[in-house]
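Beneath this line is the structure, given in structure tokens, with notes to follow.
Numbers for residues simply follow the sequence, beginning at 1. In each ligand, atom 1 is the first atom listed, and ligand 1 is the first ligand listed.
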Amino acid sequence: MKFSKLIKKPKSYFKVKPNLEDYNKTYKNFNYKKHYKEIEWIKKNKLNAAYNAITKHTLTEKKNKVALYWEGPNGEKKEFSFLEMDLLSNKFANLLKKYKVKKRDRIFLFLPRVPELYIAFIGILKTGAIAGTLFSAFQSKALEDRLKDSGAKIVVTTKELKKRIYQVKRNLPELKHIIVVDDKKRSKQEIDYQKEMETISQEFKIEETGPEDLAFMLYTSGTTGKPKGVIHSHLACLHEHMTSKYVLDIRDNDVYWCTADPGWVTGIAYEILGSWSVGASSLVYAGRFSPEKWYSLIQKYQVTVWYTAPTAVRMLMRYGDKLVKKYNLKSLRHLCSVGEPLNPESVKWSIKVFKRPFHDNYWQTETGGIVIANYPLMPIKPGSMGKPVPGIKAAIINDNGKELPANKQGTLAIKPGWPSMMCDIWKNKKKYNSYFKKGWYITGDKAFKDKDGYFWFIGRDDDVIKTSGERVGPFEVESALVEHPAIIEAGVIGKPDKLRGEIIKAFITLKPGYRPSAALEKNIQKFVKKRLAGHAYPREVEFRKNLPKTRSGKIMRRILKSQELGQKVGDTSTLEKF
Ligand code: PRX
């Protein structure tokens with residue numbers, strides 16, 4: 001196996017002393033209990049992640065500091081101080097109370113990245129209810145699966161997006177209200193956000209939740225079945241705080257930009273709960289990706305810490321070095337990326353153009369925060385995810401749960417018990433338990449550790465697809481495909497792609513009377529897009545006479561993938577002839 005060499009960071013990188021000064025020492029002596037005081041508790045044993053992210057700052061000189069710089073798709077700008085965020089979220093919490101929201105009720109946010117998304121998220125946590133997020137790209141089927149499983153009581157949305165909820169509302173008996181942030185009340189069930197917020201009190205007594213009380217949930221995909229509701233407790237904010245400090249190296253005077261959407265756990269942990277806990281001003285840009293716009297935002301807001309995804313870095317690379325030079329990006333101090341492998345070329349390119357490397361880090365919706373990372377003071381081996389964060393014991397194990405020696409490939413596993421480890425899968429204990437084997441939390445990723453303790457990602461151990469950093473379950477796409485009138489069967493895989501990491505490829509068989517054609521392919525793609533989401537449709541469709549299946553009739557994605565990659569198919573003795 002060939003490793004890239006350690007690269008030195010340019011001298012200019014070290015102008016400011018990082019928060020984590022000695023990785024080895026901190027890692028060795030780390031004990032979470034000793035760091036409980038780094039976050040703000042309401043009182044002994046009472047912790048509310050919203051209080052810790054926002055309210056605590058209003059009791060200090062930071063109260064008038066900007067918490068959120070918001071820029072909309074058409075250049076609209078808004079700013080909110082910590083105090084304003086606190087009062088607005090108090091109002092929202094009162095609004096929820098008015099509509100009888102109780103502790104543990106599920107309140108979902110189906111919103112684009114508008115300021116109301118952040119206000120409402122904080123407000124929900126203040127009531128003790130569970131906040132769930134949904135990408136605004138989700139279409140009716142994706143919404144129905146998630147809102148039905150969670151038994152959501154209220155959805156907060158916009159005039160435009162609410163139409164998709166109405167398409168499936170008849171199947172959502174537990175949904176009591178729809179709060180619309182930009183429209184007048186149109187039915188008995190709707191609540192007019194603007195109108196209610198005008199008059200409702202800005203005083204609210206935050207629910208004194210315990211560290212183990214449930215705070216937020218996200219639906220995420222595995223290989224089989226529908227997406228699962230991963231739940232986190234209020235204590236997750238401790239790990240998110242510590243990693244915002246040690247890995248993202250955020251401090252008080254930073255202008256921090258995380259490009260993630262809170263529909264993804266990154267946008268919750270490192271745009272709300274962790275990054276605000278350390279007191280940074282956060283930039284949120286709600287518009288589409290454009291390299292010019294992105295660079296101009298860094299220049300305009302003097303962004304110091306930037307957290308993004310490898311696909312975005314690769315897209316920026318495509319637009320070349322010349323464009324970067326048109327902007328003054330000297331404010332940048334620390335760059336991080338997450339979600340998929342960060343190729344060594346991207347690290348080298350960022351040193352060339354930004355004079356500092358992107359620092360890769362690794363985690364999952366289920367881990368609730370970064371678990372493996374590259375740190376400011378540690379040399380980077382481009383292509384490696386780095387080393388476990390203080391408080392995390394990670395290992396490469398075999399099927400018997402035995403730790404494997406350096407350079408041996410195996411399953412990436414973590415010792416359970418860190419504060420942001422998911423605390424349940426909504427109404428699915430069996431699934432939750434399946435993550436834990438032989439005393440380890442199993443990530444479902446394959447990796448190895450080199451002799452210096454750096455972890456290297458190899459790939460998923462299952463069929464989960466990562467396209468532009470988004471996690472897509474093949475089952476969800478297959479289920480949408482087979483609802484198309486022309487399709488009998490479908491098998492879906494992730495196909496390697498230079499820009500997006502992977503793209504979704506579907507293999508399908510057609511019903512008698514239908515013939516493969518470019519028009520049908522387009523129609524099928526549109527069909528999936530309309531039901532699931534813009535990112536979850538197959539960019540490639542291949543028509544087949546039949547698909548490889550086990551004798552019990554299960555489509556073998558593994559075989560489809562091997563065929564696609566021109567690899568040996570392996571043992572086919574249990575297969576039906578194909
Ligand atoms: O396969 C790993 C990949 O993303 C998966 C987690 O996806 P999701 O829950 O959507 O991510 C949430 C927050 C990041 C992992 O199981 N992944 C994540 N980070 C990396 C990665 N693969 C390679 N390198 C990474 N740094």
Side-chain angles (χ1 to χ4, degrees), residues 133-135 216-223 227-232 236 239-240 243-244 247-248 258-274 307-314 335-344 346-347 357-375 380-389 392 394 411-414 420-422 425 435 441-449 454-474 476 494 496 500-502 533 535-536:
T133 55
L134 297 161
F135 281 116
F216 63 95
M217 72 190 289
L218 292 123
Y219 275 80
T220 195
S221 305
T223 307
K228 314 283 186 300
V230 173
I231 314 179
H232 289 282
H239 185 81
E240 293 161 355
T243 42
S244 294
V247 181
L248 305 178
C258 170
T259 61
D261 187 304
W264 197 34
V265 68
T266 312
I268 294 179
Y270 299 109
E271 209 166 85
I272 302 179
L273 299 180
Y307 193 22
T308 190
T311 297
V313 182
R314 290 193 290 269
L335 319 178
C336 294
S337 91
V338 71
E340 40 169 336
L342 178 69
N343 5 18
S346 303
V347 180
F358 266 98
H359 291 68
D360 186 18
N361 54 65
Y362 166 94
W363 57 295
Q364 306 179 298
T365 307
E366 294 88 335
T367 68
I370 301 166
V371 288
I372 297 182
N374 288 285
Y375 308 87
I380 290 178
K381 293 190 188 190
S384 155
M385 306 187 287
K387 296 189 181 183
V389 306
I392 294 291
T411 299
L412 175 58
I414 307 170
S420 66
M421 186 180 91
M422 63 169 168
I425 298 282
Y435 279 92
Y441 162 81
I442 308 294
T443 62
D445 287 310
K446 283 181 291 190
F448 69 92
K449 183 167 98 167
Y454 283 75
F455 282 74
W456 299 74
F457 181 81
I458 294 172
R460 287 290 304 180
D461 220 357
D462 56 20
D463 298 334
V464 167
I465 301 165
K466 265 278 164 156
T467 177
S468 302
E470 314 270 9
R471 182 161 155 184
V472 178
E476 214 182 349
R500 296 188 164 82
E502 284 186 324
H535 63 263

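- Among residues two or more places apart in sequence or in another chain, the side chain to side chain contact (heavy atoms under 4.5 Å, CB included) test is passed with Ala413 by Ile397, Trp440, Ile442.
- To the nearest 0.5 Å, the span separating NE2 on His239 from OG1 on Thr367 amounts to 6.5 Å.
- With rounding to the nearest 0.5 angstrom, the CZ atom of Phe455 is 10.5 Å from the OH atom of Tyr362.
- Considering only heavy atoms from C-beta on, His535 stays 4.5 Å or farther from Ser468 through its side chain.
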Ile414 and Ile372: CA distance, side-chain angles, deciding distance, side chain to side chain contact (heavy atoms under 4.5 Å, CB included) verdict: CA-CA 10 Å; Ile414 307 170; Ile372 297 182; over 6 Å; no
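- Each of Trp264, Val265, Thr266, Val338, Gly339, Glu340, Pro341, Asp360, Asn361, Tyr362, Trp363, Gln364, Thr365, Met385, Asp445, Phe457, Arg460, Lys466, Arg471 has a non-hydrogen atom positioned under 4.0 Å from some atom of ligand 1.
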Walk me through it: do Asn374 and Tyr454 pass the test side chain to side chain contact (heavy atoms under 4.5 Å, CB included)? CA-CA 9 Å; Asn374 288 285; Tyr454 283 75; 4.1 Å; yes
